[in-house]
Structures are given as structure tokens and as C-alpha cells.
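Report on one structure; see the data block that follows.
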Amino acid sequence: FDRRLLNTYIADMFRDDVIKEPFFKLSILPHYYVPRDGSLNSYREYVSMLPTVDHPEAFGQHPNADITSQIQETRMMFEVLLSLQPREVSAAGGEGPEEKVLNMLTNILKQLHDSIDYETTAKILSVDPTPLNVVLLQEIQRYNDLLVVIKQQLTALNKGIEGYVVMSTDLEEIFSAIFDGRVPSLWERTYPSMKPLASWTRDLYSRVDMFSNWALRAKAPEVFWMSAFSFPTGFLTAVLQTSA
């Protein structure tokens with residue numbers, strides 16, 4: 001994609017019209033054009049008249065790109081503010097960071113579901129290999145992998161806090177994320193979500209419940225929870241194939 005972007009810029013700006021056409025426009029915005037040939041001071045004057053903040057249209061992007069950039073900058077700012085919070089035990093003998101994280105990971109592990117029985121479900125559904133059943137098996141694999149990762153990392157983090165194993169970089173990142181109430185980045189690879197950790201874990205339990213009940217009944221539900229699918233496009237394709 002970087003090469004494609006560079007080729008687009010080169011094809012648009014490195015051509016004969018840039019030299020032949022006076023005040024050749026480099027963007028749909030009126031401020032960006034090739035100035036008239038002149039002295040160094042004239043070029044400096046032209047540069048001084050350019051906007052202080054570059055709009056997305058200056059680079060051929062959609063105006064919504066500015067919104068995405070602002071969201072990312074705001075998120076980074078809040079992450080920095082969270083990282084600056086004090087993590088020492090309060091003077092009144094309050095809960096320290098290790099105790100807080102231990103309590104949170106213990107609660108998560110207690111409520112976390114067991115992996116869905118993929119092998120048994122695959123044998124039952126092999127009699128009727130419909131597109132929806134294929135989607136179900138794929139979702140079970142993805143969520144089982146996520147559950148295994150969460151259990152392994154929380155167990156390792158528990159041992160690291162208690163001093164039984166060395167805290168690696170990944171464990172330090174998970175510790176900080178849980179302390180700040182954020183979802184660790186390694187857990188977000190299965191499906192995107194902007195929820196904080198508490199809401200995300202409750203949402204995960206509900207998602208696994210839906211696919212677990214579907215696997216137990218070996219029959220597609222009458223109503224589907226669209227956002228529960230880690231790959232909704234695959235589900236929609238299966239629906240089209242089923243109803244075709």
C-alpha cells in the first residue's frame with residue numbers, strides 16, 4: 001500500500017503539466033499550487049502564506065481522515081495520562097497495584113468459560129456441512145484460541161506477581177493494562193472493540209455463551225447476534241449461500 005500511495009503521488013505531481021501550466025494546483029484546496037518562478041524571498045513569502053495546519057485534502061485524502069487522526073491523538077493523550085497515575089499504596093493503607101490486579105485477574109479467571117468442545121461439535125455437524133455450520137466451527141476455533149491465550153497469560157501474570165516467574169515485557173504490558181482498566185493489546189486481535197476491560201470481559205462471556213449454546217443444540221439460532229461474530233463478513237456470505 002505504501003508503494004501504491006507513492007506511485008499515485010508521483011503520477012500526479014511529477015509530470016510536464018507541473019512546469020508548463022502556471023500555478024499548477026497540487027490539491028483541490030486553493031492554497032497548494034506551484035508558485036511562479038522567482039527569487040528566494042518570493043518562495044519564502046509563498047511558504048509563509050500556507051496554512052499552519054495541513055488539511056487531509058492537501059494530501060488527496062478524505063476529510064474524515066482528520067477525524068480519525070484526532071481520535072488517535074486523543075486516545076494516545078489519555079493513555080499517557082493514565083500511565084502517569086500514581087501506583088503507590090495510599091497513606092490510609094489502601095489497596096496497592098499488585099493486590100488490585102490480582103483481584104481483577106482472579107475474578108476474570110473465575111468467570112471465564114471453558115473452551116467449547118470443537119472436536120465433538122465438528123463430528124456432529126459433519127453430517128450437515130452447511131455454510132453456517134462452517135462459520136460456527138471457525139468462530140469456535142477463534143474464541144477457543146482467545147480463551148486459551150487469556151488463561152495462559154493471566155496464570156503467568158499471577159505467578160509473576162507472586163514472584164514465581166520473571167515478569168516479561170508482555171506480562172508488564174498486561175499488568176499495566178489491567179491496572180488501568182484497559183483490554184491488553186494481545187486480547188484484541190480476535191475482534192475489535194473500544195470497551196474498557198470490565199465491559200469487554202462481560203461482552204466476551206456473552207459471545208462465548210452464544211456460540212456454546214449454538215454448538216450444544218447443533219442448530220442455528222432463529223436470531224443472530226451480528227456483533228458477536230469475529231468475522232461478520234464470513235457470516236453474511238454464509239447466509240447468502242444458504243438462501244441462494
Side-chain angles (χ1 to χ4, degrees), residues 1-85 138-139 142 146 149 169-170 172-174 176-201 203-204 207 224-237 239-240:
F1 287 102
D2 291 340
R3 187 170 181 272
R4 186 182 302 175
L5 177 63
L6 290 175
N7 288 336
T8 302
Y9 284 148
I10 291 172
D12 192 43
M13 298 181 183
F14 289 83
R15 52 181 176 169
D16 295 338
D17 293 341
V18 177
I19 301 175
K20 295 178 180 179
E21 183 179 332
F23 302 108
F24 179 80
K25 296 192 67 175
L26 301 174
S27 168
I28 61 173
L29 297 176
H31 313 288
Y32 301 93
Y33 57 87
V34 178
R36 188 188 298 275
D37 189 17
S39 62
L40 178 60
N41 288 332
S42 66
Y43 296 143
R44 288 175 174 171
E45 183 180 355
Y46 166 74
V47 172
S48 66
M49 292 188 300
L50 291 175
T52 306
V53 179
D54 293 322
H55 297 281
E57 295 92 332
F59 308 98
Q61 297 180 351
H62 194 274
N64 287 345
D66 199 22
I67 300 176
T68 304
S69 175
Q70 291 174 357
I71 291 174
Q72 292 177 349
E73 290 178 358
T74 304
R75 186 176 300 170
M76 290 177 60
M77 181 186 68
F78 280 114
E79 287 178 356
V80 172
L81 291 174
L82 283 173
S83 66
L84 295 175
Q85 283 186 332
Q138 293 174 346
E139 292 292 334
R142 296 189 188 102
L146 176 60
V149 168
T169 305
D170 290 340
E172 288 283 358
E173 180 184 349
I174 296 171
S176 300
I178 294 177
F179 181 80
D180 295 334
R182 296 182 287 107
V183 181
S185 58
L186 295 173
W187 301 1
E188 294 181 314
R189 296 178 180 177
T190 304
Y191 59 91
S193 178
M194 299 181 65
K195 295 183 177 181
L197 180 61
S199 301
W200 186 87
T201 51
D203 182 69
L204 174 63
R207 289 168 180 258
F224 293 96
W225 180 17
M226 273 289 296
S227 61
F229 291 88
S230 61
F231 187 54
T233 306
F235 165 71
L236 294 176
T237 303
V239 172
L240 289 175

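Any value given below was found using the heavy atoms of this structure, including those in side chains, with hydrogens, waters and symmetry copies removed.
Trp225 and Ser227 share a side-chain donor-acceptor pair at under 3.5 Å.
Of all heavy-atom pairs spanning Met13 and Leu26, the tightest one is CE-O, 4.1 Å. When every heavy atom of Ala65 is checked against every heavy atom of Pro56, the shortest pair comes out as CB-CB, 4.1 Å. Between Ser230 and Arg142, the shortest heavy-atom distance links the atoms OG-CD, 3.0 Å. For the residue pair Ala58 and Ser27, the shortest heavy atom distance occurs at CA-OG, 3.5 Å. Glu188 and Ser193 get closest at one heavy-atom pair: OE2-O, 3.7 Å. Listed here is the closest heavy atom pair of Met226 and Pro232: CE-CB, 4.1 Å.
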Starting from the C-alpha separation in whole Å, work towards a yes-or-no answer on side chain to side chain contact (heavy atoms under 4.5 Å, CB included) for Leu29 and His55.
CA-CA 9 Å; Leu29 297 176; His55 297 281; 4.0 Å; yes
I would like to know whether Phe231 and Thr190 meet side chain to side chain contact (heavy atoms under 4.5 Å, CB included); could you show each step before the answer?
CA-CA 9 Å; Phe231 187 54; Thr190 304; over 6 Å; no
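Taking the ring centre of Tyr191 as origin, the terminal cationic atom of Arg207 falls inside the region bounded by 6.0 Å and 45° from the ring axis.
The six-membered or imidazole ring of Phe224 lies near that of Phe235, with a centre-to-centre distance under 6.0 Å. Taking the six-membered ring where the residue is Trp, the centroids of Tyr46 and Tyr33 are separated by under 6.0 Å.
Note that the CG atom of Leu5 and the CG atom of Asp2 stand 7.0 Å from one another [nearest 0.5 Å]. Annotation: the span from Ser199 atom OG to Leu204 atom CG amounts to 12.5 Å, rounded to 0.5 Å. To the nearest 0.5 angstrom, Asp54 atom CG is 4.0 Å from Phe59 atom CZ. Put simply, CZ on Arg15 and CD on Glu21 are 8.0 Å apart, with the number rounded to the nearest 0.5 Å.
Residues Asn41 and Glu45 have side chains not in contact (no heavy-atom distance under 4.5 Å, counting atoms from C-beta outward). Proximity of Phe24 to Ile19: side-chain heavy atoms (C-beta onward) are nowhere separated by under 4.5 Å. Counting heavy atoms from C-beta outward, Lys195 and Val183 have side chains that stay 4.5 Å or more apart. Considering only heavy atoms from C-beta on, Gln61 stays 4.5 Å or farther from Asp66 through its side chain. Looking at heavy atoms from C-beta onward, Phe23 lies out of side-chain contact with Val34 at the 4.5 angstrom threshold. Between Met194 and Arg75, some side-chain heavy-atom pair lies under the 4.5 Å cut-off. Glu173 is listed as a side-chain neighbour of Ser185, based on a closest heavy-atom distance under 4.5 Å.
Between the Asp12 side chain and the Thr8 main chain, no donor and acceptor come within less than 3.5 Å of each other. Under the 3.5 Å distance criterion, the side-chain polar atoms of Tyr9 are left unmatched by any main-chain donor or acceptor of Phe14. Not one N or O on the side chain of Glu57 forms a donor-acceptor pair closer than 3.5 Å with the backbone of His62.
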